[in-house]
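See below for the structure under consideration.
Both counts, for ligands and for their atoms, begin at 1 and track the order of listing. Any value given below was found using the heavy atoms of this structure, including those in side chains, with hydrogens, waters and symmetry copies removed.
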Amino acid sequence: MYYRTLLASLLGLSVSPLHAQSTVPSTVEACKACHGTQGISRNPTFPNLAGQKAEYLEVQLKAFKAKDRKNDFMNAIAAQLSDDDIHKFAQFWSSLPATPAPQSAAAAPAGPAIPSRMTMPADFPKGFTVYQTESEDGAITRRYANTVAWKAAKAGQPLPSGSVLFQVSYQAGKDASGKEVAGAVQSYSSMESRAGWGNGIPVLLRNGDWDYAVFGPDGKRRDQLNQAPCLACHKPQEANSFVFTLDKLKKATG
Ligand code: HEC
Ligand code: HEC
């Protein structure tokens, strides 16, 4: 019994045979990326699912699917679930203990559920072109594309492996004549597509081969960032290579 318990906790499985593991849809990894491996979320704004009433969970998932209940992440996830998946997920998460045994809490992995693999291009913004600038609330946002992304967008093709986009937020400053100019960098949000990267991402969250990252003003990657929300929110943009501003990129002259 001890080894079974230990093994199950290491694998992030529940122990009781009543939990009917075999009926859990294989896409459960995506839920775990936000709601925790045991249904106990590590993010203060994401709810726990473990031990919640199954009927309630089922009703909520159907409401997200129908967009009667609105949430960018859950609308994107539930849109991909069949009623059968929804039923099975509701049963599964409900069956987990609302208060997990200490050893399963200890087995919860440290670090973000889906860590980034992107690195900051050493000479950014060299090799990138600005395709959009926005100014709002004392901040200026510039969106940059590298040559691979730029060329594909212009040719009306999907953005291929090697594409990199940056969304850079700057403090708004004023020059001597009072004109608004971009001041210090506040943060870099970015996405990069590399052949094969998608294989490491749960299918319900997968954005082709895109990976997301946030870098601080010093160019250091925020390694605690969980990519799951980035992936979930950009997922419905599949027809646009997962890029919200693809139209701007296509039309930009630079
Ligand atoms: C990108 C993060 C993310 C992923 C992935 C995700 N969820 Fe959620 N989920 C949320 C957030 C955030 C909420 C709260 C939504 C709100 O505020 O209305 C939520 C709410 C829910 C709720 C309603 C809970 C309640 O107390 O009302 C259910 C049920 C649920 N999720 C199930 C799932 C299932 C099943 C999966 C996997 C198939 C999943 N979620 C994947 C972030 C996520
Ligand atoms: C709540 C939904 C949402 C989440 C979560 C989200 N994004 Fe976005 N993202 C957008 C929208 C919408 C745009 C288009 C620009 C705008 O309206 O701000 C965008 C634009 C971008 C762009 C410019 C390319 C494009 O798609 O237009 C990058 C790069 C980007 N986001 C990176 C990230 C990263 C990194 C994360 C996670 C830390 C993230 N996003 C999370 C909604 C989201």
Side-chain angles (χ1 to χ4, degrees), residues 24-36 39 41-65 67-82 85-94 112-114 116 118 128 131-132 134 136 139 141-146 149 153 159 163-169 187-193 201-207 210-215 221-222 224-238 240-250:
V24 182
S26 58
T27 50
V28 70
E29 290 309 315
C31 322
K32 293 180 179 177
C34 289
H35 293 286
S41 146
R42 286 187 289 151
N43 181 315
T45 65
F46 295 173
N48 294 346
L49 300 179
Q52 183 54 273
K53 295 176 177 71
E55 286 77 3
Y56 171 80
L57 294 178
E58 188 157 347
V59 166
Q60 298 314 312
L61 284 167
K62 286 186 172 154
F64 284 128
K65 188 177 172 180
K67 296 206 167 73
D68 291 337
R69 179 170 171 184
K70 291 193 174 42
N71 174 263
D72 285 332
F73 310 141
M74 286 311 302
N75 293 148
I77 294 286
Q80 304 174 71
L81 302 179
S82 67
D85 290 337
I86 286 178
H87 180 73
K88 285 174 178 160
F89 275 131
Q91 296 292 325
F92 169 68
W93 288 117
S94 172
I114 307 182
S116 180
M118 262 194 88
F128 285 77
Y131 67 89
Q132 194 186 14
E134 284 180 336
E136 199 181 20
T141 303
R142 281 192 191 140
R143 299 199 173 91
Y144 296 82
N146 71 350
L159 304 196
S163 297
V164 183
L165 302 179
F166 265 83
Q167 182 169 276
V168 187
S169 158
S187 69
Y188 302 88
S189 297
S190 52
M191 55 199 284
E192 173 172 2
S193 176
I201 307 280
V203 280
L204 294 176
L205 288 167
R206 192 174 295 163
N207 283 196
W210 290 105
D211 222 45
Y212 292 79
V214 173
F215 301 90
R221 190 174 65 201
R222 300 247 168 90
Q224 287 309 308
L225 179 97
N226 180 8
Q227 273 192 70
C230 322
L231 291 159
C233 213
H234 281 249
K235 178 94 180 172
Q237 296 300 315
E238 184 155 13
N240 301 322
S241 292
F242 303 96
V243 175
F244 282 93
T245 54
L246 186 67
D247 260 5
K248 300 277 182 243
L249 178 54
K250 281 182 185 165

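Distance check on atom 17 (O) of ligand 2: every protein heavy atom falls at or beyond the 4.0 Å cut-off.
With a 4.0 Å heavy-atom cut-off, ligand 2 is reached by no atom of Q237. Only the backbone of A213 comes within 4.0 Å of ligand 2, counting heavy atoms alone; no side-chain atom from C-beta on gets that close. The residue D85 has no part lying near ligand 1, judged by heavy-atom distances below 4.0 Å. Contacts between D72 and ligand 2 below 4.0 angstrom, taking non-hydrogen atoms only, involve the side chain exclusively. The part of V214 lying near ligand 2 is the side chain, judged by heavy-atom distances below 4.0 Å.
Note on ring orientation: taking the six-membered ring where Trp is involved, the planes of H35 and F46 are tilted (angle from 30° to 60°).
Counting only protein atoms, the N, O or S atoms lying less than 2.8 Å from atom 8 (Fe) of ligand 1 are H35 NE2, M74 SD, ordered by chain and residue number.
Shown in contact with F89 at under 4.0 Å from a heavy atom are these atoms of ligand 1, numbered in order with element: 35 (C), 38 (C). For ligand 2, the atoms sitting less than 4.0 Å from at least one non-hydrogen atom of S190 are 29 (C), 35 (C), numbered in the order shown with element in parentheses. Proximity to Y131 (heavy-atom distance under 4.0 Å) selects the following atoms of ligand 2: 24 (C). For ligand 1, the atoms sitting less than 4.0 Å from at least one non-hydrogen atom of L204 are 38 (C), numbered in the order shown with element in parentheses. Less than 4.0 angstrom separates some heavy atom of A228 from each of these atoms of ligand 1: 1 (C). Within the listing of ligand 2, atoms 5 (C) sit less than 4.0 angstrom from a heavy atom of P229. Taking every non-hydrogen atom of A232 and a distance limit under 4.0 Å, the qualifying atoms of ligand 1 come out as 1 (C).
Comparing heavy-atom distances from atom 23 (C) of ligand 1 across Q52, E58, R69 singles out R69 as nearest.
Note on atom 8 (Fe) of ligand 2: protein N, O or S atoms under 2.8 Å away count 1, no waters included.
The closest protein non-hydrogen atom to atom 5 (C) of ligand 1 is A30 O, 3.2 Å. If you check which protein heavy atom lies closest to atom 27 (O) of ligand 2, you get T245 OG1, 2.6 Å. Atom 29 (C) of ligand 1 has its closest protein heavy atom at L57 CD2, 3.6 Å. Scanning the protein for heavy atoms near atom 15 (C) of ligand 2, the closest one is R143 NH2, 3.3 Å. Here the protein heavy atom with the shortest distance to atom 25 (C) of ligand 1 is Y56 OH, 3.4 Å.
For ligand 1, none of its N or O atoms has an N or O atom of W93 under 3.5 Å away. Between T45 and ligand 1, a contact under 3.5 Å exists for no N or O pair.
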